[in-house]
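The structure under discussion appears below in the form of structure tokens.
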2 protein chains.
Amino acid sequence: MKTCSSSYTCPVEATIHLIGGKYKAVILWHLRNQVLRFSELHRLVPKATTKMLTQQLRELESDGLISRTVYPVVPPKTEYALTEFGQTLLPVLESLCDWGTIYLEKISDADCSF
Amino acid sequence: MKTCSSSYTCPVEATIHLIGGKYKAVILWHLRNQVLRFSELHRLVPKATTKMLTQQLRELESDGLISRTVYPVVPPKTEYALTEFGQTLLPVLESLCDWGTIYLEKISDADCSF
DNA sequence: CGGAATCCTATATGATACTG
DNA sequence: CAGTATCATATAGGATTCCG
């Protein structure tokens, strides 16, 4: 999962390395039009444990795709948002979403009967 | 890695599940404009072991994205190609490639100095 | 609330050898 | 050539508990 020092043979590989994590693309997708707190994200991605969610968020952060803002209040409050650089991913995410929609239609027809 | 019976909460998740594998997007990318034999693919994706390459190819095949044609000759000859459905992924792959290119420029500037 | 720490298991991946 | 089989390990991922 190290991002650095990996030499990629092609750009596609690099992008997948950044957003191909189990929940990363979904997280970015949910952040596309809103700032979200940790618990809000967790509600949107319930399959992720807090550990996984934290891990993926930290990786996205260290890759410069999202920002993490901690408010020193009680109870704690943390907000996650797309960075400017993260926003450049929006066309990619939309294309993933569009194709996924078509794919889901396709398999709901066949309904996986094998 | 099971594709079936996973219920996705959002289409982005579905797409990533199909092409998010370690070498899948790269394989698809290499097949975008040509038919390739196993050994040719292996040369293009040298980091993958034969086991991994086979595995990813079989998954792509069972997801209907690529076709596998075995010619009953000696020595054996197998050709992999995008299916029609696989071709619908081309815009997605291009978008992954475009963004990856920009990303690689960005990190080659900073050169990971933290 | 937003995690961190620990422990544990499952899965992914690699190395190597072998085969029709 | 195009894999398969087997063994070993690394990494991902989950469950649980605890804390400021």
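Lettering of chains follows the sequences in order, A, B, ..., and the numbering in each one begins at 1. Values below: every heavy atom of this structure, side chains too, minus hydrogens, waters and symmetry copies.
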Check your understanding: When you check the phosphate oxygens OP1 and OP2 of dA2(D), does a side-chain N or O of S39(B) lie under 4.0 Å from one of them?
Key -> yes
Review point. Can you tell me if the side-chain N/O atoms of T78(A) get under 4.0 Å from OP1 or OP2 in dG3(C)?
Key: yes
Practice item. Can you see which heavy atom on L96(B) is nearest to which on T15(A), and at what distance? Key: O-OG1, 2.7 Å
Exercise for review: Establish whether the base of dT13(C) is bridged to the side chain of K51(B) by a donor-acceptor pair shorter than 3.5 Å.
Suggested key: yes
Review point. Shortest non-hydrogen contact from Y80(A) to R58(A)?
Key: OH-NH2, 4.1 Å
Review point. So, does E79(A) use its side chain to make a donor-acceptor pair with the main chain of R37(A) at under 3.5 Å?
Key: no
Point to revise | Closest-nucleotide 5' rank along DNA chain D - winner of K47(A) and P75(A) | key: K47(A)
Check your understanding: For the pair made of CD in Q55(B) and P in dT13(C), what is the distance, rounded to whole Å?
Key -> 7 Å
Practice item. May I have the distance from L53(B) (atom CG) to dA2(D) (atom P), rounded to whole angstrom? Key: 11 Å
Review point. Can the ring centres of F85(B) and W99(A) be said to be less than 6.0 Å apart?
Key: yes
Practice item. Could you tell me whether Y71(B) contacts a base, only the sugar-phosphate backbone, or nothing, with contacts defined as non-hydrogen atoms closer than 4.0 Å? Key: nothing
Point to revise | Protein-nucleotide distance (E59(A), atom CD; dT11(D), atom C1'), rounded to Å | key: 12 Å
Practice item. Using whole Å, report how far CD of E61(B) lies from P of dA2(D). Key: 15 Å
Review point. Does R37(B) have a side-chain nitrogen or oxygen under 4.0 Å from the phosphate oxygens OP1 or OP2 of dC1(D)?
Key: no
Practice item. Map R58(A) and P76(A) onto DNA chain C by nearest heavy atom, then report which one ends up closer to the 5' terminus. Key: P76(A)
Practice item. With the side chain of T54(B) defined as its heavy atoms from C-beta on, choose the nearest nucleotide among dG2(C), dA15(C), dG3(D). Key: dG3(D)
Exercise for review: Flag the pair E13(B) and K47(A) as a salt bridge only when some basic side-chain nitrogen lies within less than 4.0 angstrom of an acidic carboxylate oxygen.
Suggested key: yes
Point to revise | For atom NE2 of H17(B) and atom P of dG13(D), their distance in whole Å | key: 11 Å
Revision key, fill the gap. Rounded to whole Å, the NZ-P distance (K22(B) to dA10(D)) equals 14 Å
Practice item. Check every atom of dG3(D), dT13(C), dA15(D) against the side chain of M52(B) and return the nucleotide holding the closest atom. Key: dT13(C)
**Study point:** Interatomic distance, Q56(A) CD vs dA12(D) C1' [rounded to whole Å]
**Key:** 10 Å
Check your understanding: Is any side-chain N or O of Y80(A) closer than 4.0 Å to OP1 or OP2 of dG3(C)?
Key -> yes
Revision key, fill the gap. Between CG of L36(A) and C1' of dG3(C) the distance, given in whole Å, is 17 Å
